[in-house]
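Here is the structure we will look at, set down as structure tokens.
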Amino acid sequence: MDLLEYQGKQLFGAAGIPVSDGRVCTTAAEARAAADEVGYPVVVKAQVLTGGRGKAGGVKLAADADETERIAEGILGLDINGHVVRTLWVEHASDIEREYYLSVTFDRGAKKPLLMFTTEGGVEIETVAEENPDALVRLHVDPLEGFQPHHARALVYGAGLTDPSEQKQVSAIVEKLYRCFEQNDAMLAEINPLIVTPDGLVKALDAKVTIDDSALGRHPELAELRDEGAADPLETLARSKGVTYVKLDGTVGIVGNGAGLSMSTVDVVVVAGGSPANFCDLGGGASADSVVNALEVITADPQVGSILFNIFGGITRGDEVARGILAALERIDITVPIVVRLDGTHAEEGRALLAEAAPANLYVEPTMLDAARRAVELAR
Amino acid sequence: MDLLEYQGKQLFGAAGIPVSDGRVCTTAAEARAAADEVGYPVVVKAQVLTGGRGKAGGVKLAADADETERIAEGILGLDINGHVVRTLWVEHASDIEREYYLSVTFDRGAKKPLLMFTTEGGVEIETVAEENPDALVRLHVDPLEGFQPHHARALVYGAGLTDPSEQKQVSAIVEKLYRCFEQNDAMLAEINPLIVTPDGLVKALDAKVTIDDSALGRHPELAELRDEGAADPLETLARSKGVTYVKLDGTVGIVGNGAGLSMSTVDVVVVAGGSPANFCDLGGGASADSVVNALEVITADPQVGSILFNIFGGITRGDEVARGILAALERIDITVPIVVRLDGTHAEEGRALLAEAAPANLYVEPTMLDAARRAVELAR
Amino acid sequence: MAIIVDNDTRLVVQGLTGSEGRFHGLRNRAYGTQVVAGVTPGKAGQDVEGIPIYDTVAQAVSEGRANTSLVFVPARFAADAVYEAVDAGVHTVICITEHVPAHDMLSLYAYVRAKGVTLVGPNCPGVLSPGKANVGIIPGEVFRAGSIGLVSRSGTLTYQIGHELAQAGLGNSSIVGIGGDPIVGSSFIDVLERFEADPETEIAVLVGEIGGDEEEKAAKFVAEHMTKPVFAYVAGFSAPPGKTMGHAGAIISGSSGTAQAKREALEAVGIKVGTTPSEVAALVAAFAKGE
Amino acid sequence: MAIIVDNDTRLVVQGLTGSEGRFHGLRNRAYGTQVVAGVTPGKAGQDVEGIPIYDTVAQAVSEGRANTSLVFVPARFAADAVYEAVDAGVHTVICITEHVPAHDMLSLYAYVRAKGVTLVGPNCPGVLSPGKANVGIIPGEVFRAGSIGLVSRSGTLTYQIGHELAQAGLGNSSIVGIGGDPIVGSSFIDVLERFEADPETEIAVLVGEIGGDEEEKAAKFVAEHMTKPVFAYVAGFSAPPGKTMGHAGAIISGSSGTAQAKREALEAVGIKVGTTPSEVAALVAAFAKGE
């Protein structure tokens with residue numbers, strides 16, 4: 001789960017990382033009041049889960065109350081890469097002497113957290129990594145060792161930071177960012193830019209934090225933030241139903257079990273000449289109820305012309321899926337045709353249940369490709 | 001540093017381990033008031049850092065206020081293995097259905113914490129270990145793994161605990177005891193007995209906790225407890241001077257550098273026919289000031305007839321020690337003879353300093369054995 | 001031989017008395033796997049259709065001589081269960097549980113490796129060596145015994161491809177579902193290394209998906225260390241960039257991690273990549289039957 | 001050869017700019033040890049009498065080609081310093097610092113072992129291989145080169161015995177002070193194993209003290225694994241039971257751990273034990289000179 005900038009900054013603040021005083025706002029009037037509180041000049045920042053806010057006009061400076069209100073009005077409702085701005089963060093604007101970059105990420109390959117720091121801030125970190133690799137200090141933390149003060153020293157001295165006060169401040173921030181990453185089960189905790197003010201104070205001017213979805217159970221306060229960042233009403237509905245659902249732009253609704261097979265089904269629908277309306281993964285061990293939930297979400301999309309079930313049972317049982325489909329047909333008014341392909345655990349039982357009930361708009365196909373072709377054909 | 005029972009129980013209580021309600025008292029009147037507060041019957045327990053309190057009459061039950069006061073009076077001032085009782089712990093007496101034993105110790109050999117648990121409580125744990133080894137479950141915690149819930153299960157099921165409520169309570173106490181051990185830098189955290197009341201509640205009836213002296217710097221609240229348990233006024237004086245000092249019963253005062261050499265010096269004095277008055281280790285890198293401090297402590301013992309310095313310089317420098325001896329002779333009125341043997345780092349410089357000053361009651365000897373013989377002779 | 005599980009596997013199922021554990025544990029036994037014990041704390045002395053239950057894995061090892069553990073316990077107990085199995089002395093742990101927090105896996109992975117134990121998963125379908133042993137949730141009936149080693153980040157996709165191979169008359173030495181989580185106990189490379197060393201495996205098939213760079217690393221490994229032919233399939237060609245698809249294993253990170261980038265990396269070292277599961281099965285079948 | 005430190009040792013001193021670090025670091029260099037670098041964060045670019053200072057051990061390794069580290073930093077920074085040295089890739093770390101918390105050592109020891117690095121100490125005098133290298137605070141001038149390996153829990157006692165051996169005309173292959181803390185990086189057994197394998201060592205002398213059971217374990221090891229003759233000395237025969245004498249290494253635990261018990265355990269496997277430092281030196285001298 002990605003956090004909005006202000007949510008990340010709240011975590012940073014709690015971890016003792018210096019951030020600017022700011023307020024969350026949802027109206028221009030609130031923005032004006034917030035600016036009065038934090039003091040001018042202020043920066044008004046769109047809170048959306050996408051990059052390029054600045055270029056899209058989602059981040060602006062304001063010198064007084066009127067300007068703040070006018071700017072806030074302009075940013076609210078803005079569409080930035082498909083994300084409509086509903087929330088603003090208004091903070092006291094900082095004077096910037098220098099810009100650095102600091103992050104902790106989960107390095108899946110090394111299976112260790114990776115610290116990255118550079119004094120070459122203010123540009124894309126990928127550019128630094130490519131063009132000036134020595135300037136980007138990269139350091140893994142061995143999980144058997146845990147974070148130690150020498151890790152911070154390696155970053156600070158490795159990047160050539162020479163001012164003793166900055167060395168001290170950055171070292172402290174590195175340790176705090178790491179603890180924040182660890183304690184919040186983050187997959188990423190990034191400060192870009194980490195700035196130095198003309199007074200020599202080091203602070204986080206932005207915050208990008210991603211939390212491990214699997215760990216939200218032990219962070220109820222973070223789990224609550226989830227829906228605030230959700231963009232699509234269908235995806236919000238899906239989440240409330242416990243369904244993994246990603247909206248796409250086509251006409252063939254897709255239900256698979258397992259991310260790999262579901263993705264492969266999306267691919268095969270494209271190969272069969274169709275356009276997928278969504279990606280929907282029942283996950284492992286889906287019950288009949290979760291099949292009903294998935295169908296509720298998919299049929300709520302008016303673009304859907306047919307629905308393709310591609311199920312290869314493992315922990316998921318074919319008979320449960322069949323029961324779910326039949327239950328959904330009874331409970332929901334489904335007008336579009338459903339194509340079903342069942343294999344694996346209890347697939348025969350499932351096929352038998354479907355054959356027995358034999359609903360009018362249900363088609364059973366023997367292979368993945370056959371099923372995809374039929375669904376594409378029916379969606380037209 | 002060993003903690004008194006009540007200090008250990010306070011740590012246990014803070015860690016969430018069930019203990020009885022009790023009060024610390026230093027007078028019989030306080031004991032009476034405490035008993036009124038915690039409710040009768042009460043148990044009055046001498047707070048001394050030695051075993052065998054029960055047999056020595058230091059632990060007694062009282063049914064009412066008068067009896068509490070009478071018993072407290074009797075226990076206060078009692079000498080238990082050389083430890084005079086100055087502090088009491090008065091707690092509400094518990095009904096005991098069963099007695100268990102639980103501890104975490106620092107296993108130096110395995111270099112891992114060792115958990116031990118048995119339901120064969122109420123006897124010496126060494127007896128259980130010898131006579132019924134299978135009843136004593138021993139389990140190391142790998143530091144790279146850390147404590148995990150399965151460690152508690154291994155103890156509980158391994159010891160054959162069958163009651164589900166007890167299994168649950170003991171498992172929770174194992175985890176809490178381990179955290180208490182870890183967070184307080186303990187070398188030992190022992191509950192003997194861990195009792196089960198007739199109502200089925202599991203709680204700690206005694207507490208034996210030893211804290212790592214080297215870690216007291218990060219536990220100022222524990223470091224403060226240190227002097228409360230100290231027995232000998234000379235040892236308290238020594239600690240205030242930063243000197244490692246153990247009072248013995250003889251007449252030859254001993255100062256060495258390093259525990260091994262100091263101990264060996266004690267042995268050699270015995271071999272030479274003398275009796276050591278103390279063990280005093282200057283440690284590594286002693287300054288002239290710490291030599292003065294050591295001499296202040298040693299000369300405060302009226303039994304001392306001579307003082308033997310046995311110094312083999314490494315990180316300690318012979319010239320520093322010589323300067324310290326000369327400074328002490330100026331500052332303190334030392335009437336007993338001092339025998340000095342110096343070797344190792346800067347020993348020649350030290351010997352030169354002593355030869356130059358040539359105080360009347362100072363004897364320099366070339367070897368450890370010669371020096372010991374001379375000191376023994378002079379002590380007579 | 002086969003890899004990871006075989007006729008010598010003596011399995012303890014952690015969580016055998018739970019509904020999933022029971023269902024799949026008994027299916028594994030029905031397949032022919034030696035399921036010698038189950039572990040559920042507090043249920044020692046009970047049995048699941050004759051399989052004795054113990055309180056601890058240590059008991060299952062000492063009394064049931066288990067050497068491999070299958071973990072079916074809920075996510076918040078899973079790391080503890082794996083630690084317990086490792087400390088009890090099994091040589092292999094296969095963890096089916098999904099949603100194990102990634103930070104738990106950081107420490108656990110490092111510990112398991114330091115102890116020299118083989119971990120497969122978490123969030124994986126398990127390992128099947130057709131005709132020998134099935135440990136996990138892979139539907140054994142869709143696979144035939146043979147000489148094709150199959151390794152996959154995705155469970156159901158593995159069944160799909162195994163199924164297509166079986167329909168083409170081909171069989172597998174072992175099928176290993178490594179799982180799609182950010183940190184898994186065995187990587188593509190770990191498994192390919194075993195296939196290379198396994199005399200029963202003649203061809204390896206790698207089934208990847210978008211996200212991460214495991215496929216790219218595997219391509220490099222194949223080029224440098226493998227003599228046996230390798231085929232591949234990658235799911236997610238039509239996935240829109242930047243969208244999370246189902247689990248953390250499928251996050252696209254920047255320009256790398258796309259299905260197309262993976263395909264190119266694999267093809268660059270001479271690995272043939274099928275566009276659909278059927279196509280990779282057809283490629284393998286053609287090769288196995290002498291083009 | 002000698003053990004642990006020798007002519008190939010390239011030493012970095014962590015804390016070289018501190019007063020103890022400087023004093024002993026320069027003494028080590030004066031002895032002939034190759035002291036190639038010092039580390040003090042924030043002081044890179046400075047030097048200590050020509051020895052370059054770096055901010056990190058990694059720099060000392062990459063630029064100064066250090067392979068061994070000597071740690072002189074204060075106790076609360078010592079564990080961090082050892083972790084840093086291990087991660088920087090030195091093969092040996094010798095930690096002089098005393099009062100390192102025992103719980104810090106628990107994790108550190110396990111980590112250092114897992115990484116295959118040799119750690120000596122903490123709270124130890126270091127290692128001296130006469131005529132080759134001196135790393136730590138052992139006064140090199142009291143020892144001669146020779147064939148007697150000396151291993152000890154006590155620093156000053158080691159000097160005492162080395163001194164007595166030198167006076168008897170005998171010398172040492174290496175002198176290793178393992179330190180007296182509850183957890184030390186190298187045990188008696190670790191060092192005896194190296195002496196057994198070292199062609200330059202013909203006799204080993206073990207110097208123990210009351211507390212713990214390291215001497216008893218060493219006795220067992222000598223009986224089972226050593227072919228070279230071993231002599232011993234144990235300090236603390238006159239120590240009153242139950243009294244702490246100076247450091248945690250000298251706590252008597254119950255009936256075991258007394259000097260007498262240790263003496264008996266050593267003598268039981270044929271190791272001759274001297275009653276005083278002079279006596280053990282005399283025993284070794286008599287043996288070395290052909291009884």
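Letters go in sequence order (proteins before strands), and every chain restarts at 1.
- Residues C:Val184 and C:Cys124 are not in side-chain contact: their nearest non-hydrogen atoms beyond the backbone lie 4.5 Å or more apart.
- Annotation: side chain to side chain contact (heavy atoms under 4.5 Å, CB included) contacts of B:Val24 (sequence neighbours excluded): B:Tyr6, B:Gln10, B:Thr87, B:Trp89.
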Across chain B and chain C, what donor-acceptor pairs are shorter than 3.5 angstrom?
{"unit_1": "B:Asp142", "atom_1": "OD2", "unit_2": "C:Lys115", "atom_2": "NZ", "d": "2.7"}
{"unit_1": "B:Glu145", "atom_1": "OE1", "unit_2": "C:Tyr111", "atom_2": "OH", "d": "3.0"}
{"unit_1": "B:His150", "atom_1": "N", "unit_2": "C:Asp80", "atom_2": "OD1", "d": "2.9"}
{"unit_1": "B:His150", "atom_1": "N", "unit_2": "C:Asp80", "atom_2": "OD2", "d": "3.4"}
{"unit_1": "B:Arg153", "atom_1": "NH1", "unit_2": "C:Asp80", "atom_2": "OD2", "d": "2.9"}
{"unit_1": "B:Arg153", "atom_1": "NH2", "unit_2": "C:Asp80", "atom_2": "OD2", "d": "3.1"}
{"unit_1": "B:Arg153", "atom_1": "NH2", "unit_2": "C:Glu84", "atom_2": "OE1", "d": "2.8"}
{"unit_1": "B:Tyr157", "atom_1": "OH", "unit_2": "C:Gly42", "atom_2": "N", "d": "3.0"}

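- Donor-acceptor pairing under 3.5 Å is lacking for the side chains of B:Thr197 and B:Lys203.
- Checked against B:Leu222 for a side-chain contact (heavy atoms from CB on, under 4.5 Å), the options B:Leu11, B:Asp212, B:Asp185, B:Val209 give a single hit: B:Leu11.
- At a threshold of 4.5 Å between non-hydrogen side-chain atoms, the residues B:Asp206 and B:Asn192 do not count as touching.
- Between B:Leu102 and B:Leu155, some side-chain heavy-atom pair lies under the 4.5 Å cut-off.
- Both the backbone and the side chain of B:Pro149 come within contact range of chain C, each with at least one heavy atom under 4.5 Å from a heavy atom of that chain.
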